[in-house]
Amino acid sequence: MLGQMQDKPLLISSLLEHAERFHPNVEIVTKTVEGPIHRCNWRELGERSRRLAIALQKQGVKHGSMVATLATNTYRHLELYFAVMGLGAVLHTINPRLSPEHLEYIVNHAEDEILFFDLPFAPLIEKLQSRFPTVRRFYALANQDSVETAAPAIRDFAGYETLFDDTPADPSFTWPQFDERSASTLCYTSGTTGNPKGVLYSHRSTVLHNHVISLSDSLGSSADATILLVVPLFHVNAWGLPYAAAMTGAKLVLPGPHLDGKSIYDLLRDERVTLAAGVPTIWQMLFQHVDANGLKPREDLCLKDAVVGGSAAPRMMIERFDRDFGTFLLHAWGMTEMSPLGVVCRLLPKHADLSPSQRYDIQMKQGRAVYGVQIKIVDDDGQRQPHDGKASGKLMVSGPWIIGRYFKGDDNLLDSEGFFDTGDIATIDEDGYVTLVDRSKDVIKSGGEWISSIDLENAAVGCPGIAMAAVIALPHPKWQERPLLICVKKPGAEVDKAAVLAYLDGKIAKWWTPDDVVFVESLPLTATGKIYKLGLRQVFKDHELPA
Ligand code: AMP
């Protein structure tokens, strides 16, 4: 027997409609590409998104059309989110830091029809436009004056604001209703090996994921929150937070391309941000700005939670946020294939009386599964491993916002129980807290046992004078592989190999001690701000470990 409740589709347009109706005056603040602050609110964003949708329809955009963006976090990019998806077209958010070869591959693979880009990317488009045969129209996201001054040499090109000039508001326009399983956004994985792979989200998966990330035991969004999206709109839909902000009526702060420590600090302070989300490298840059200028974040800011994901958060980052900012560093884990949220590290009531140091021990774990995500760890034969905090295995996931197959890929990705292999290795403890041991590609296999590059890196960045650290495996005649520690010094620091090894002594198992420590000016990063281990392995492939 079926239930008899109304069968309304879960559509992304309903989130914007709710924000407009119940939180019309709540602000969306952008530090624009040009620099000045722009302010609008949910009512104005809703109105412009509807006008944009009408203009896009005139351009031939319809259900299932592919519309691409190559853009940073601005209100214009957000308008495109709601207008494109609201029509049932698919928004393909492109990471501008991909190589030109990967950009060419994904635009053609997705068969993008219209491409919107931030004006500073015009030279890139000028260079690549002939390799984008499916794109019939290009638009620059900028004021019309800036577009006319820049006058890029791009075929079939116009300024974004011209779309509004020709399209007055139409009070009779309503968002179309369609199957909630329709595709909404397309994101490609950063593809450190081989071509990037497309992950195609649906309205249903997005709205369900959004309900869960908004819970206070999860990332948490609410009408009294002000959310700074440092995580880009092209990195897994900014982890779903723009939708959460619309659903709950939160204020949104968008930094545009300005991700340096000063810009982020100023936005946190001036806009009274309560929740911010970004990868660890962003928070490192923020710390450097605070140190260089002797700032007092505890007095200046009201940042309650900072979400960190994408890479493991080192202990010193958790400690520093707590001590100097009065901020809870909220560790989360997920991936493009998971929309992205899988686990999040909130404390349980039984942790209330822990000392700060004991709390940090828990916060270093990636966290517990949110409702909707099932997790298991398995050995190489697919056998489930115990949740005792000791046994490690391949981390597998299942749920309504987790990938079934890649875009245009035929292969079923799931095991016989319907679980997807994340490529990560983890332990799960009795309380359900997941701790990532490593990417299976990055773990160091020494003498039949594993050394976690994540744990070694976390320990090394605690060493005075060390700004960043990466650990890679090098081949070893006796042990199969041994760790090489690659460090970047803080400006002016005097630290050397002996000092780093002395610092690590007692903090890690003796046999984990890196066989060598080298210093470099900077570490290569991937398009999503993670340390590019593949590149480091190439650079150091001939490095000889001391006997
Ligand atoms: P992406 O699809 O680019 O978001 O990358 C997902 C991958 O980033 C995961 O499979 C993990 O290897 C890594 N990752 C994400 N969050 C964390 C975290 N909190 N700690 C360690 N690694 C993480």
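Keep in mind it's a predicted model, so treat the numbers as computed, not measured. The first residue of the sequence shown is numbered 1, and numbering continues consecutively from there. As the structure lists them, so they are numbered: ligands from 1, and atoms in each ligand from 1.
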Is the distance between the ring centroids of [X] and [Y] under 6.0 Å?
X      : Y      : answer
Phe117 : Phe121 : no
Tyr81  : Tyr75  : no
His209 : Tyr243 : no

State the atoms of ligand 1, each with its element, that fall below the 4.0 Å cut-off from a heavy-atom position in Ala312. 18 (C), 20 (N), 21 (C), 22 (N)
Just which atoms of ligand 1 are under 4.0 Å from any heavy atom in Trp333? 9 (C), 11 (C), 14 (N), 15 (C), 16 (N), 17 (C), 23 (C)
Between the side chains of Arg537 and Asp442, is the shortest nitrogen-to-carboxylate-oxygen separation below 4.0 Å, so that they form an ion pair? yes
Do NZ/NE/NH1/NH2 and the carboxylate oxygens of Asp429 and Lys390 come within less than 4.0 Å?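 No, no charged N to carboxylate O under 4.0 Å.
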Which protein non-hydrogen atom lies closest to [atom], naming both residue and atom, and how far is it?
atom                    : answer
atom 2 (O) of ligand 1  : Thr336 OG1, 2.6 Å
atom 13 (C) of ligand 1 : Gly310 O, 3.3 Å
atom 19 (N) of ligand 1 : Ala332 O, 2.8 Å
atom 8 (O) of ligand 1  : Lys530 NZ, 2.9 Å
atom 6 (C) of ligand 1  : Met335 CB, 3.3 Å
atom 9 (C) of ligand 1  : Asp424 OD2, 3.3 Å
atom 20 (N) of ligand 1 : Gln366 NE2, 2.9 Å
atom 4 (O) of ligand 1  : His235 NE2, 3.2 Å

Quiz item: cation-pi between Arg315 and Tyr360, 6.0 Å / 45°: no
Which class fits the ring pair Tyr188 and Tyr105: parallel under 30°, tilted 30 to 60°, perpendicular over 60°? perpendicular
Answer with side chain, backbone, both or neither: which part of Ser311 has a heavy atom less than 4.0 angstrom from an atom of ligand 1? backbone
Hey, could you give me each pair passing salt bridge (charged side-chain N to carboxylate O under 4.0 Å, His left out) that has a residue in residues 199-220? Not counting sequence neighbours.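 Qualifying pairs: Glu180-Arg204.
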So, using side-chain hydrogen bond (donor to acceptor under 3.5 Å, both in side chains) as the criterion, who are the partners of Asp305 when residues are at least two apart?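 Residues passing side-chain hydrogen bond (donor to acceptor under 3.5 Å, both in side chains) with Asp305: Arg346.
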Indicate yes or no: does an N/O atom of Val236 lie under 3.5 Å from an N/O atom of ligand 1?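 No; the residue has no nitrogen or oxygen that sits under 3.5 Å from a nitrogen or oxygen of the ligand.
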Does Ala313 have a non-hydrogen atom less than 4.0 Å from ligand 1? no
